[in-house]
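Heads up: the structure comes next, in structure tokens.
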Amino acid sequence: MLESAITVDAADLAFRNHRCFPRQPPRGSATIIADETPLSQAVCVTLRNISQGGVSFIVDMKLAVGQQITVNLLALALLRPLIMQAQVRWVDFDIKPGMFRVGCSWVKRLGYAHIINFV
């Protein structure tokens, strides 16, 4: 009886959110630097969410999936910016023309002691 009551469709499992770390709305600001171009300048971004596993932001330049970038995170609780390496996982158009939504994963996971400065 119990087995028949607990049936899960395989399609439901495929579309579930399997995040290891919950996304948090960020407090703070950030800039990015594309690592592939030497002497590139920092570009200001609008943070959308942050977690121990990655970051999402809006930027006015298109980045390539798989591209390595440097993210400089600024928070009031920090004396210096937190500099993290990230890899671009997805890029999509934003509702504003010329803007892009970007999702990145950290190369080295952001520790809990750092994440609490931004949430």
Side-chain angles (χ1 to χ4, degrees):
M1 176 82 176
L2 183 62
E3 291 177 15
S4 62
I6 304 174
T7 57
V8 178
D9 188 14
D12 289 339
L13 288 176
F15 292 110
R16 283 194 182 163
N17 191 353
H18 296 286
R19 295 189 185 281
C20 295
F21 306 106
R23 296 186 223 174
Q24 304 288 333
R27 289 186 305 173
S29 60
T31 60
I32 62 165
I33 301 172
D35 289 340
E36 296 177 2
T37 56
L39 300 175
S40 61
Q41 293 190 357
V43 177
C44 290
V45 299
T46 303
L47 292 174
R48 295 184 66 224
N49 58 57
I50 190 167
S51 73
Q52 289 179 275
V55 65
S56 176
F57 54 84
I58 299 172
V59 66
D60 63 353
M61 60 187 269
K62 184 163 178 144
L63 299 171
V65 173
Q67 181 177 357
Q68 295 282 330
I69 61 172
T70 301
V71 181
N72 299 319
L73 296 164
L74 306 164
L76 292 175
L78 298 176
L79 299 175
R80 292 181 292 215
L82 179 62
I83 301 170
M84 297 288 295
Q85 299 294 318
Q87 184 176 22
V88 176
R89 294 294 181 181
W90 56 266
V91 179
D92 197 6
F93 293 104
D94 192 44
I95 56 172
K96 296 179 184 174
M99 302 296 279
F100 299 92
R101 292 181 294 142
V102 180
C104 299
S105 63
W106 303 121
V107 172
K108 291 174 85 175
R109 188 171 78 195
L110 188 64
Y112 180 76
H114 289 114
I115 197 75
I116 60 173
N117 293 311
F118 298 98
V119 296

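- Here F100 pairs with F93 under the ring-ring contact (aromatic ring centres under 6.0 Å, His included) rule; sequence neighbours left out.
- Residues V88 and W90 do not share a hydrophobic cluster, clusters being chains of Ile/Leu/Val/Met/Phe/Trp/Tyr side chains in contact below 4.5 Å.
- Within the structure, salt bridge (charged side-chain N to carboxylate O under 4.0 Å, His left out) pairs that include any residue of residues 40-68 do not occur (at least two apart or interchain).
- Sorted by first and then second residue, the ring-ring contact (aromatic ring centres under 6.0 Å, His included) pairs involving residues 44-77 (not counting sequence neighbours) form an empty list.
- Counting only heavy atoms from C-beta outward, the side chains of Q85 and T70 approach each other to under 4.5 Å.
- No single ILVMFWY cluster, assembled from side-chain heavy atoms under 4.5 Å apart, contains both V107 and V45.
- Cluster annotation: V43 is connected to V71 through the hydrophobic network of ILVMFWY side chains, with a link wherever side-chain heavy atoms come within less than 4.5 Å.
- Taken to the nearest 0.5 Å, the OG1 atom of T46 stands 6.5 Å off from the NZ atom of K96.
- By the side-chain contact (heavy atoms from CB on, under 4.5 Å) test, T31 is found to be paired with A42, C44, N72, residues two or more places apart in sequence or in another chain being considered.
- Here the CG-CZ distance, from L47 to R27, works out to 13.0 Å after rounding to the nearest 0.5 Å.
- Alongside M99, the hydrophobic cluster contains I58 (criterion: ILVMFWY side chains under 4.5 Å).
- Residue pairs that meet the side chain to side chain donor-acceptor pair (under 3.5 Å) test with at least one member in residues 103-119, sequence neighbours left out, are R89-S105.
- Between R101 and V91 the shortest side-chain heavy-atom distance does not fall below 4.5 Å.
- Expressed to the nearest 0.5 Å, how far OG of S40 lies from CD1 of I33 amounts to 6.0 Å.
- Contact check for V102 versus C104: side-chain heavy atoms found under the 4.5 Å cut-off.
- A heavy-atom distance below 4.5 Å is found between the side chains of L73 and I50.
- The two residues L74 and P81 come nearest to each other via the heavy atoms CD2-CB, 3.2 Å.
- Taking hydrophobic clusters as Ile, Leu, Val, Met, Phe, Trp and Tyr residues chained together by side-chain heavy-atom distances below 4.5 Å, M61 shares a cluster with V55.
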